[in-house]
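Quick note on labels: first sequence line is chain A, next is B, and so on, each numbered from 1. The analysis underlying the following values was restricted to heavy atoms, covering all of them including side chains, and did not include hydrogens, waters or symmetry mates. Fair warning: this is a prediction, and the values are worked out from it, not measured in the lab.
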2 protein chains.
Amino acid sequence: MSSDLTARARIRDAAIKLFAERGIDGATIRDIAQEADVSSGLLRHHFGSKEGLRDACDEYALNELTKLSGQFSEFNTLDGLTPRVQQLQRYLIRSTMDGSPTGAAMFDRMLVFGNEWLATTNLKIADPEAFVAVLAVMKMSLFTMRDLMSRALGSDVTEPATWARMLQASLDLFSQPLITEEQAAQARAALDRLAAGEE
Amino acid sequence: MSSDLTARARIRDAAIKLFAERGIDGATIRDIAQEADVSSGLLRHHFGSKEGLRDACDEYALNELTKLSGQFSEFNTLDGLTPRVQQLQRYLIRSTMDGSPTGAAMFDRMLVFGNEWLATTNLKIADPEAFVAVLAVMKMSLFTMRDLMSRALGSDVTEPATWARMLQASLDLFSQPLITEEQAAQARAALDRLAAGEE
DNA sequence: TAGCGTACTACACGCTTGTGTAGTCGCAAG
DNA sequence: CTTGCGACTACACAAGCGTGTAGTACGCTA
């Protein structure tokens, strides 16, 4: 399919694919090399080590994402959400969860964007820091839980139609209150008890 | 701390802890044995294999959770959310993401509970299946993204106070609409275009 | 006391992992 | 032609993995 690319680029793409699918530790150098149709030595020749390869993937994914979809992870930029962008996001989030500093930086940026977005609304949030963090984490979960999501929906969420279905549902979720104010107040009270009463 | 337990129980607890922290593949048998202060052979003697240990942990975690907090993962059962329950949930979700059938069964149960809850409300959802799935996944994300969450909030979410802070924020999120109906309609249209127009 | 099963340990095996090393091929410069 | 350099491969190495095996210590029953 993309065998007209440089070997270096093929390795990078294969690594992003397998890292995203199996995690950083789960994808071996030999697997990646085979996926890219090169020897494992060449991988080492180009990227120095597995860590080096991962760093290169992090940087590439972050650059591509910012180039392709601007400040990604916002709902208004849904139109550019091609499978490729999905894969890059999925890789970067996976890398983040496995302790990548680049990924952590991305997360921080998501928090900044979230705060900016919050300022444009007239929502009154008691704890904006926590609010934005929860929101960011929940958005990311749509990528990390891809397998479970596909299972629940009965078809692969990588397909645009299924993906759209999932996003429609998240719109339902964010455009109306799910619990009443009384229920919320009740839960809040229970939480206060929890936070104060227990050691 | 809990060295008065059976060796078998100590191994199980150590496995749940390390599996939750590092993932199934990331936690080695030797690490778990050392954490439980036994030899790695004893682990094999009691559980047969790493897979057997994992199965035992799955079953134990699921039983404990249903025993401790009823149908967990609902907002009204927040009071029983001790650090121990948190850890069990975190383990089970991690095991689920790494392909455990027990975990998948738990996820299915969450979907059933979600549908039942949805029936008690008077929400009109176009695609209940997707809606409930998204909701379930987002709830689970609060456990899977623990590290990022702690990072964003500046203190470990395992602490009850920080955990409560996070849940307060999620109450804010679910008790009011975050986007207006116009914004939602606009996004919906964009999604329809995406689902239909692209191959 | 003898016998036996269970909890438990020490140690070795084979495999896979990331990494290191030596060497081949092709091409551009002198 | 040959020299050099980067792309690329084949192969060996040490370490860590899950697993298998042999053996010890202890408590129960006859």
Using atom [atom1] of [X] as one end and atom [atom2] of [N] as the other, report the distance to the nearest whole Å.
X	N	atom1	atom2	result
I11(B)	dT9(C)	CD1	C1'	12 Å
I32(B)	dT19(D)	CD1	C1'	15 Å
I29(B)	dC17(D)	CD1	C1'	9 Å
L18(A)	dT17(C)	CG	P	12 Å
R10(B)	dA7(C)	CZ	P	14 Å
I24(B)	dG18(D)	CD1	P	12 Å
D31(B)	dC17(D)	CG	C1'	11 Å
D25(B)	dT17(C)	CG	P	11 Å

Practice item. Report the residues that fulfil side-chain hydrogen bond (donor to acceptor under 3.5 Å, both in side chains) with R54(B), sequence neighbours left out, ordered by chain and then residue number. Key: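 Partners of R54(B) under the side-chain hydrogen bond (donor to acceptor under 3.5 Å, both in side chains) test: S95(B).
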
Can you sort out the partners of [X] under salt bridge (charged side-chain N to carboxylate O under 4.0 Å, His left out), two or more places apart, ordered by chain and number?
X	result
E59(B)	none
R151(B)	D108(A)
R188(A)	D172(B)

Exercise for review: Assign a letter to each nucleotide of nucleotides 7-13 of chain D from its 5' end: B, base within under 4.0 Å of a protein heavy atom; S, sugar-phosphate only; -, no contact.
Suggested key: BBB--B-

Just list the side-chain donor-acceptor pairs under 3.5 Å for residues 18-27 of chain B, sequence neighbours left out, or say none.
unit_1: R22(B); atom_1: NH1; unit_2: D31(B); atom_2: OD2; d: 3.0

Check your understanding: Looking at R165(A) and D127(B), does any basic side-chain N land under 4.0 Å from a carboxylate oxygen?
Key ->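 Yes, charged N to carboxylate O under 4.0 Å.
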
